[in-house]
Visitor: 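The structure under discussion is supplied below as structure tokens; questions concerning it will follow.
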Amino acid sequence: MTSSKEFKWFGSPDHYVQGKNILLNSADILKPYGSKFLLLADKDVYKAAGKKFQDYLTENGFTVAYTEFNGESSLEEIDRVTKIAKDKSSDVIIGLGGGKTLDTSKGVANALDISNIICPSAASCDASCIKLSIIYTEDHEFVKYLFYAHHPILIMADTQVIAQAPTRTLLAGIGDAFSTYYEGLEVAKSHGHTLAGGHPTDAGLAVARQCADTLWKYSYQALEASENNTVTTALEKVVEANILLSGLGAEGAGLAAAHSIYDGFSVLKGDPDKFRHGEEVALGVMIQLVLIGTPQKELDKFIEFLLTCGFPLTKKEFHLDKVSQSELEAFAKKSTDKGETIENMSFKVSPEMILEALDGVDAAVTRYRETHSIHPVFVDKDFG
């Protein structure tokens with residue numbers, strides 16, 4: 001009997017709605033899904049957007065309870081919020097916030113078999129559209145992916161809220177989304193497996209390609225709009241790429257080395273632990289490009305794009321020059337653990353190859369900086 005993993009798979013949420021001020025104009029959108037909502041958000045997001053959203057929903061006849069997200073998408077946090085939702089007889093859980101808040105809300109919806117509505121407060125990753133949660137320990141170390149039978153039923157991306165988020169969150173989302181097409185190419189080459197459960201589809205690769213094209217064209221303008229807390233056409237396009245196109249592409253085309261590099265970062269403590277998912281994934285893209293032997297002229301285009309956006313790309317910028325050799329080896333080993341998406345590469349990658357490629361990226365970026373003038377759109381002090 002043929003395993004279901006040997007078929008091509010593609011999946012998506014039921015609905016995706018994006019635009020300025022959606023949250024405060026969403027009553028008609030939300031009515032079909034239920035009436036007793038549990039709103040999950042951290043205290044900063046609740047203060048910035050959640051309280052107004054809760055009040056608006058209450059004024060429009062919904063029963064809305066709020067619970068504060070504790071900060072980590074762990075099994076313990078999913079269990080805690082599940083008990084609250086059960087006690088309040090919630091028929092919908094709304095995740096309002098970043099990737100870890102959204103992943104926790106997905107876990108709760110799965111545990112109780114209730115509807116999950118996702119409201120990203122920043123375009124920092126593609127967690128909104130994917131039917132899985134990334135699970136960490138309470139000490140922030142990556143544990144595993146939890147896969148679900150269903151996607152969130154609705155995603156509402158309010159670009160007015162997203163435009164007020166720190167620009168670094170948009171940068172991180174660009175890094176996460178930028179990997180989608182290039183990882184998908186490797187999965188297709190190896191006939192590997194996607195997050196949807198089977199082999200890549202042409203639809204998944206087409207969406208991933210559109211995601212990359214959008215980012216090449218509009219990232220600089222979108223970052224400038226974010227710096228000015230302004231909703232522009234470029235910002236709208238990049239928000240859609242970061243959330244929708246990246247999510248559909250990741251599931252339909254698959255992940256490879258870049259996301260495994262991110263998982264490797266989870267074993268590092270101190271300064272390297274301060275970086276965001278998409279920033280580490282962007283470095284992972286560069287490592288993957290070096291692993292596959294990307295020609296220098298093409299590699300330089302990637303370096304120019306990522307540096308102009310403002311990404312850290314060297315070991316010093318990621319504070320990897322401050323960690324021991326044994327810690328670097330642990331990082332490389334974690335990146336190549338059994339079950340990691342790096343197994344979708346078209347060749348076997350060893351921990352030693354990861355460290356060699358990391359050195360290769362460091363040398364290539366350093367050389368490019370010495371021979372070219374770079375003017376980053378966004379600069380963050382944490383990047384060294």
Side-chain angles (χ1 to χ4, degrees), residues 12-71 73 77-124 127-131 133 148-165 231 236 239-240 243-244 247:
S12 69
D14 284 14
H15 298 285
Y16 176 88
V17 188
Q18 176 183 312
K20 189 174 181 179
N21 294 318
I22 280 180
L23 293 187
L24 303 184
N25 292 275
S26 61
D28 289 344
I29 300 172
L30 295 174
K31 280 179 182 176
Y33 301 109
S35 60
K36 297 184 72 175
F37 296 166
L38 179 67
L39 176 63
L40 179 67
D42 68 37
K43 61 182 178 181
D44 292 332
V45 171
Y46 183 72
K47 181 179 179 181
K51 182 63 168 64
K52 287 182 181 178
F53 185 36
Q54 182 182 17
D55 291 345
Y56 164 81
L57 292 175
T58 301
E59 290 166 5
N60 281 272
F62 298 94
T63 300
V64 187
Y66 164 66
T67 188
E68 183 180 322
F69 175 56
N70 281 348
S73 56
E77 180 67 352
I78 290 174
D79 287 344
R80 183 188 72 84
V81 180
T82 297
K83 291 174 183 175
I84 294 172
K86 187 175 181 180
D87 288 345
K88 294 187 177 296
S89 301
S90 303
D91 52 15
V92 176
I93 179 164
I94 300 178
L96 172 63
K100 292 188 176 184
T101 304
L102 308 183
D103 277 356
T104 301
S105 74
K106 284 186 270 187
V108 174
N110 180 74
L112 296 177
D113 194 24
I114 60 176
S115 295
N116 181 207
I117 293 173
I118 296 289
C119 301
S121 62
S124 57
S128 302
C129 292
I130 299 179
K131 59 175 183 177
S133 297
Y148 306 125
H150 303 288
H151 288 80
I153 199 165
L154 169 68
I155 290 93
M156 295 195 303
D158 190 324
T159 46
Q160 178 64 24
V161 172
I162 291 169
Q164 310 313 307
V231 179
E236 292 274 6
V239 167
E240 182 179 338
I243 297 173
L244 179 63

Visitor: Quick check for you: to the nearest 0.5 Å, what is the distance between Leu30 atom CG and Leu57 atom CG?
Guide: 6.0 Å

Visitor: Excluding sequence neighbours, so at least two apart, what forms side chain to side chain contact (heavy atoms under 4.5 Å, CB included) with Thr58?
Guide: Gln54, Val64

Visitor: Measuring from Ile29:CD1 to Leu154:CG, what's the distance to the nearest 0.5 Å?
Guide: 7.0 Å

Visitor: Calculate, to the nearest 0.5 Å, the distance between atoms CD and CD belonging to Gln160 and Gln164 respectively.
Guide: 5.0 Å

Visitor: Determine whether Ile155 and Cys129 satisfy the following criterion, side-chain contact (heavy atoms from CB on, under 4.5 Å), listing intermediate values before the conclusion.
Guide: CA-CA 7 Å; Ile155 290 93; Cys129 292; 4.1 Å; yes

Visitor: To the nearest 0.5 Å, tell me how far Ser128 OG sits from Met156 CE.
Guide: 11.5 Å

Visitor: Can you pull out every side chain to side chain donor-acceptor pair (under 3.5 Å) where at least one residue sits in residues 79-97? Sequence neighbours excluded, please.
Guide: Glu77-Arg80

Visitor: Applying salt bridge (Lys or Arg N to Asp or Glu O under 4.0 Å) as the test, list every pair that has at least one member in residues 101-110; sequence neighbours left out.
Guide: Asp103-Lys106

Visitor: Under the ring-ring contact (aromatic ring centres under 6.0 Å, His included) test, which residues partner Tyr66, sequence neighbours left out?
Guide: Tyr46

Visitor: Tell me, do Ile84 and Leu38 make a side-chain contact under 4.5 Å, heavy atoms counted?
Guide: yes

Visitor: Could you check whether any side-chain N or O of Thr159 sits under 3.5 Å from a backbone N or O of Gly19, counting only pairs where one atom can act as donor and the other as acceptor?
Guide: yes

Visitor: Do Thr67 and Leu39 make a side-chain contact, defined as non-hydrogen atoms from C-beta onward lying under 4.5 Å apart?
Guide: no

Visitor: Give the table of side-chain donor-acceptor pairs shorter than 3.5 Å for residues 20-27, with sequence neighbours excluded, one pair per line with atom names and distance.
Guide:
{"unit_1": "Asn25", "atom_1": "ND2", "unit_2": "Asn21", "atom_2": "O", "d": "2.7"}
{"unit_1": "Ser26", "atom_1": "OG", "unit_2": "Leu23", "atom_2": "O", "d": "2.9"}

Visitor: Which donor-acceptor pairs under 3.5 Å do the side chains of residues 107-124 make with protein atoms, sequence neighbours left out?
Guide:
{"unit_1": "Asn116", "atom_1": "ND2", "unit_2": "Ile93", "atom_2": "O", "d": "3.2"}
{"unit_1": "Asn116", "atom_1": "ND2", "unit_2": "Ser105", "atom_2": "OG", "d": "3.2"}
{"unit_1": "Ser121", "atom_1": "OG", "unit_2": "Gly97", "atom_2": "O", "d": "3.4"}

Visitor: Can you see which heavy atom on Ile243 is nearest to which on Ala157, and at what distance?
Guide: CD1-CB, 4.2 Å

Visitor: Please enumerate all residues that pass salt bridge (charged side-chain N to carboxylate O under 4.0 Å, His left out) together with Asp158, with sequence neighbours excluded.
Guide: none

Visitor: Within this structure, what is the CD1-CG distance for the pair Ile94 and Leu102, rounded to the nearest 0.5 Å?
Guide: 12.0 Å

Visitor: Is there side-chain contact between Phe69 and Lys43, with heavy atoms separated by less than 4.5 Å?
Guide: no

Visitor: Please, which pairs that meet ring-ring contact (aromatic ring centres under 6.0 Å, His included) have at least one residue in residues 14-43, sequence neighbours excluded?
Guide: Phe37-Phe62

Visitor: Applying side-chain hydrogen bond (donor to acceptor under 3.5 Å, both in side chains) to Gln18 and Glu236, what does each step give before you reach the verdict?
Guide: CA-CA 8 Å; Gln18 176 183 312; Glu236 292 274 6; 2.7 Å; yes

Visitor: Could you tell me the separation between the CD atom of Glu68 and the OG1 atom of Thr101, rounded to the nearest 0.5 Å?
Guide: 10.0 Å

Visitor: Just jot down the salt bridge (charged side-chain N to carboxylate O under 4.0 Å, His left out) partners of Asp55, sequence neighbours excluded, or say none.
Guide: Lys51

